[in-house]
Participant: 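Questions regarding the structure given below will be posed in turn.
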Number of protein chains: 2
Amino acid sequence: MEFFMQKYISSPIWHPCTQHKDHEMLPPILIKSGKGVYLYDSEDRAYIDCISSWWVNLFGHSHPYINSKLQEQAQKLEHVILAGFSHTGIVQYSQRLLQVLNHQFDKCFYADNGSSAIEVALKMSFHKHLILGEKREKFLTLSNSYHGETLGALSVGDVGLYKDTYSPLLFQTLTTPTPYSEDLIPQALEALRGILQKEGANISAFILEPLLQCAGGMKIYSPLYIQEACRLCKDYGIDIIFDEIAVGFGRVGSLFAFEQCGVIPDFLCLSKGITAGYLPLSVVVTHNKIFEVFYDDYESQKAFLHSHSYTGNALAIACANATLDIFENENILEGNKLKREFILSHLQSLREFEIVENIRSLGMIFAFDLCNLPYKRAGFEFYKHALKEGLLLRPLGNTIYFMPPYIINEEEISLVFEGIKRVLTRL
Amino acid sequence: MEFFMQKYISSPIWHPCTQHKDHEMLPPILIKSGKGVYLYDSEDRAYIDCISSWWVNLFGHSHPYINSKLQEQAQKLEHVILAGFSHTGIVQYSQRLLQVLNHQFDKCFYADNGSSAIEVALKMSFHKHLILGEKREKFLTLSNSYHGETLGALSVGDVGLYKDTYSPLLFQTLTTPTPYSEDLIPQALEALRGILQKEGANISAFILEPLLQCAGGMKIYSPLYIQEACRLCKDYGIDIIFDEIAVGFGRVGSLFAFEQCGVIPDFLCLSKGITAGYLPLSVVVTHNKIFEVFYDDYESQKAFLHSHSYTGNALAIACANATLDIFENENILEGNKLKREFILSHLQSLREFEIVENIRSLGMIFAFDLCNLPYKRAGFEFYKHALKEGLLLRPLGNTIYFMPPYIINEEEISLVFEGIKRVLTRL
């Protein structure tokens, strides 16, 4: 044991979201290459990336077309400052993004990761109200929500595991219950009405992950609630922020989740799938009516002075353009409908296991919970066994989810479920 | 005027750190390619990138060697989740980084941009103290400091222009004066002693940009102050965070600024030059004695549960490895010493202009202030004229700075200063 501890303390990498003591018995797996849905380790063992490497990969690893576009861009321009300057790729991408958003938004503000996009949306909403003469110092969030790890993003999240430690550093957020079944909607709306009556004028924005809370345990909730809750908030002049960082780019069946909600948010945050899993990039999409509030003489000090050095990076944008190309050229959303049906038939067959409950799905997201098991950490036990089956199925607590790259084929899907069944049998 | 406003409101991009009304008369310059120190716009006009595209570019645009390494990596693996998994490139890079840091650090925690690295360092310091039984809810920063734009990073900054708007969302930070000349050191230390006597036990970390405050106006201050201030803080058990996001990777002459300070910080934040201007990447480097505080059974809930989806991205790491290759193979730091001398001789010749004051430099950073000019925004006037000379010299207020890619040659340096002189004559 002492040997292992020495060994992993001597590793040069402090891994994200990791208790390193877990690596005493299960060291980090060293990946040397990837192709399609497969990752290959240093001993040539193959793993199917069943979670798209934290929900980012859409079209498989080391994709020939995206590689070619990345290389083409590197030959031209790798990066240029985006203040005072622009570049061909980002103008084209922004126009295309607004087009696939059905021209319901007007402006793209870029950043590097999901957390930073959330920070941009929070700051923009707060700042906009301030310019308009309203000091709205609170934000409204849903119970069990997750919006990232920087301190602003963490403030509007509600997963205690990530947030509680840092509470003295976080700003004040109001939390309203998420209704996970339709019969809970009336009381959830009632709770929301209560908060709004008391605090509505102090709330800058209502932030939510539309349709599905991901890090909160792959929990689905109804667009009916979202529609009505957003309508109530708008009555109080509260902005709506949709965090589609995890669910955007086809994951919920439609290209974006807001299309299924009947709500056009004031701010739409996108990241993860935006580059199909290639490079860090995020964007906050918003409206001219908000942009114009900040538009004035420089001396007015109304400018939105947020920036990151690599904002709008040309290489990341090239991957984002390639991602839209693939969506268009390969009719991905239609193909996913068929794949979804095939996956569902396998997923439903897990009902036979007594240790499986709450089987659920939405678009290309599939999940179930482990129950009736004697382990302290059943999810972690499942994960370890799945690795031996060549499956990367990192759990969320005791929730096991399958969020594969969209290019997974029927043979690979069958392999995944055969592996899952062997693990469930063994547990 | 109305036409222009319509035109730039109809642009799909909301640019970072920009008052868009400035674009009525000076639209964003559309760059289609870059090579070496040059950027080329859509009408084939060339601009020398005198500020390394916000201080990120080290070896010029579209660099053949970095391109080749990027392509090589894309063929193997573009990205893999860094939790539970690792990849060949990042293990190699982390070992190399610790080596060029003279083995004075042990662990690398990765993120995507400078702000996120600052957030990681703040959270780690706060969390570490909490695990050790100390609730230290305040941070200490220097006057006029800048550490990024996410709300945590903004909280520990002190540039009112960026920060004041959002003050209700920021946590409490104590600010101590920065001594910009050696005779001010005694009173700056006295002020610091006063704060520490009163608040020392409540302060988690002291954060500073060693040697030079960049966004605060390229202001240089003494390592003598830094050494003594850090020593005082350590007496109170306060962590030291060095933000070398802008000054790291050779910008101040040595590879890192801490080498000139006689201080090994508890947390060292790096970004910008880490990929030579190619891709967003950041890292917080720290020590085993801190890592071990978090090392325990999973159930203890001591793990540092911070993550970003693209943490440790393989493509960005490939550029970071290529960057270290170039530092090693081309003896960059030695070459910069000669270039610095050549630039200094040009810089000193600006003394003849009455509108130039406070000429200063450190390593490959050169700056002066504009004075005695009738414009409300002298820096912006300079910027506009410089663009006509084919020079990208985005100012900080009325401070003009020259922070070129290290590959700039004598001919190009001469061109830059000829252009600067023509602008100074014209203003």
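Sequence lines set the chain letters: A, B, ... in the order given, protein chains first and strands last, and positions in each chain run from 1.
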Participant: Would you mind checking which part of B:Lys138 comes under 4.5 Å of any heavy atom in chain A, side chain (CB onward), backbone (N, CA, C, O), both or neither?
Facilitator: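 Contact with chain A is absent: no heavy atom of B:Lys138 under 4.5 Å.
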Participant: Return the option, out of B:Tyr47, B:Tyr383, B:Tyr110, B:Trp55, with the maximum number of heavy-atom pairs under 4.5 Å with chain A.
Facilitator: B:Tyr383
Participant: How far apart are the C-alpha atoms of B:Leu315 and A:Leu70, what are their side-chain angles, what is the distance that settles it, and do they pass the side chain to side chain contact (heavy atoms under 4.5 Å, CB included) test?
Facilitator: CA-CA 11 Å; B:Leu315 295 170; A:Leu70 180 66; 4.0 Å; yes
Participant: Taking side chain as everything from C-beta outward and backbone as N, CA, C, O, which of these in B:Leu130 sits under 4.5 Å from a heavy atom of chain A? Side chain, backbone, both or neither.
Facilitator: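 Answer is side chain: those atoms of B:Leu130 sit under 4.5 Å from chain A.
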Participant: Which of these passes side-chain contact (heavy atoms from CB on, under 4.5 Å) with B:Val80: A:Ile29, A:Asn57, A:Leu39, A:Val56?
Facilitator: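 Exactly one candidate clears the test, A:Leu39.
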Participant: Side chain, backbone, both or neither: which part of A:Leu387 has a heavy atom under 4.5 Å from chain B?
Facilitator: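 Interface part for A:Leu387: side chain.
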Participant: Do the non-hydrogen side-chain atoms of B:Leu305 and A:Thr165 ever get within less than 4.5 Å of each other?
Facilitator: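 Side chain of B:Leu305 against side chain of A:Thr165, heavy atoms only: no contact under 4.5 Å found.
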Participant: For A:Ile51, is it the side chain, the backbone, both, or neither that has a heavy atom closer than 4.5 Å to a heavy atom of chain B?
Facilitator: side chain
Participant: State the CG-CG distance between B:Leu170 and A:Leu151, to the nearest 0.5 angstrom.
Facilitator: 10.5 Å
Participant: If I compare all heavy atoms of B:Lys302 with all of A:Gln19, which pair ends up nearest, and what's the gap?
Facilitator: C-NE2, 4.2 Å
Participant: Identify the residue among A:Phe291, A:Tyr298, A:Tyr295 that makes a ring-ring contact (aromatic ring centres under 6.0 Å, His included) with B:His20.
Facilitator: A:Phe291
Participant: Using heavy-atom distances under 4.5 Å, tell me whether B:Ile118 contacts chain A through its side chain, its backbone, both, or neither.
Facilitator: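 Neither the backbone nor the side chain of B:Ile118 comes within 4.5 Å of chain A.
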Participant: Please flag which part of B:Ser52 lies under 4.5 Å from any non-hydrogen atom of chain A: side chain, backbone, both or neither.
Facilitator: neither
Participant: What are the two closest heavy atoms between A:Pro12 and B:Gln95, and how far apart are they?
Facilitator: CG-CG, 3.9 Å
Participant: Less than 4.5 Å to any heavy atom of chain B: does that hold for the side chain of A:Val91, its backbone, both, or neither?
Facilitator: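 Both parts, heavy atoms under 4.5 Å.
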Participant: Please flag which part of A:Gln172 lies under 4.5 Å from any non-hydrogen atom of chain B: side chain, backbone, both or neither.
Facilitator: neither
Participant: Heavy atoms only, distances under 4.5 angstrom: which of A:Lys35, A:His63, A:Glu119, A:Gln301 has the most pairs with chain B? Name it, please.
Facilitator: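 Answer, by heavy-atom pair count under 4.5 Å with chain B: A:Glu119.
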Participant: What option among A:Ala74, A:Ala153, A:Gly89, A:Ala246 has the most heavy-atom pairs under 4.5 Å with chain B?
Facilitator: A:Ala74
Participant: So A:Tyr166 and B:Phe126, would you call those rings parallel, tilted or perpendicular, with 30° and 60° as cut-offs?
Facilitator: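 Aromatic pair A:Tyr166/B:Phe126 classed tilted.
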Participant: First locate atom CZ of A:Phe171, then atom CZ of B:Phe171, and finally report the distance between them rounded to the nearest 0.5 Å.
Facilitator: 12.0 Å
Participant: Select one option (side chain, backbone, both, neither) describing which atoms of B:Thr311 are under 4.5 Å from chain A's heavy atoms.
Facilitator: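 Answer is side chain: those atoms of B:Thr311 sit under 4.5 Å from chain A.
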Participant: What part of A:Phe139 gets within 4.5 angstrom of chain B, counting heavy atoms only: side chain, backbone, both, or neither?
Facilitator: side chain
Participant: Considering non-hydrogen atoms only, spot the tightest contact between B:Lys107 and A:Ser11 and give its length.
Facilitator: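 Taking every non-hydrogen atom into account, NZ-O, 2.6 Å.
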Participant: Need one label for A:Thr286: side chain, backbone, both or neither, based on atoms under 4.5 Å from any heavy atom in chain B.
Facilitator: side chain
Participant: Heavy-atom distance under 4.5 Å to chain B: side chain of A:Tyr162, backbone, both or neither?
Facilitator: side chain
Participant: Should we count NZ of A:Lys289 as having more than 12 external heavy atoms under 6.0 Å?
Facilitator: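 More than 12 heavy atoms, drawn from other residues, nucleotides or ligands, come within 6.0 Å of this atom.
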Participant: Please step through side chain to side chain contact (heavy atoms under 4.5 Å, CB included) for the pair A:Ser116 and B:Thr150, ending with a clear verdict.
Facilitator: CA-CA 6 Å; A:Ser116 299; B:Thr150 54; 4.1 Å; yes
Participant: For residues 81-88 of chain A, which side-chain N or O atoms pair as donor and acceptor with protein atoms under 3.5 Å away, sequence neighbours left out?
Facilitator:
| unit_1 | atom_1 | unit_2 | atom_2 | d |
| --- | --- | --- | --- | --- |
| A:His87 | ND1 | A:Ile90 | N | 3.4 |
| A:His87 | NE2 | A:Gly312 | O | 2.8 |
| A:Thr88 | OG1 | B:Ile31 | O | 3.2 |

Participant: Highest number of heavy-atom pairs under 4.5 Å with chain B: which of A:Ser33, A:Cys319, A:Ser271, A:Ser62?
Facilitator: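 Heavy-atom pairs under 4.5 Å are most numerous for A:Ser62.
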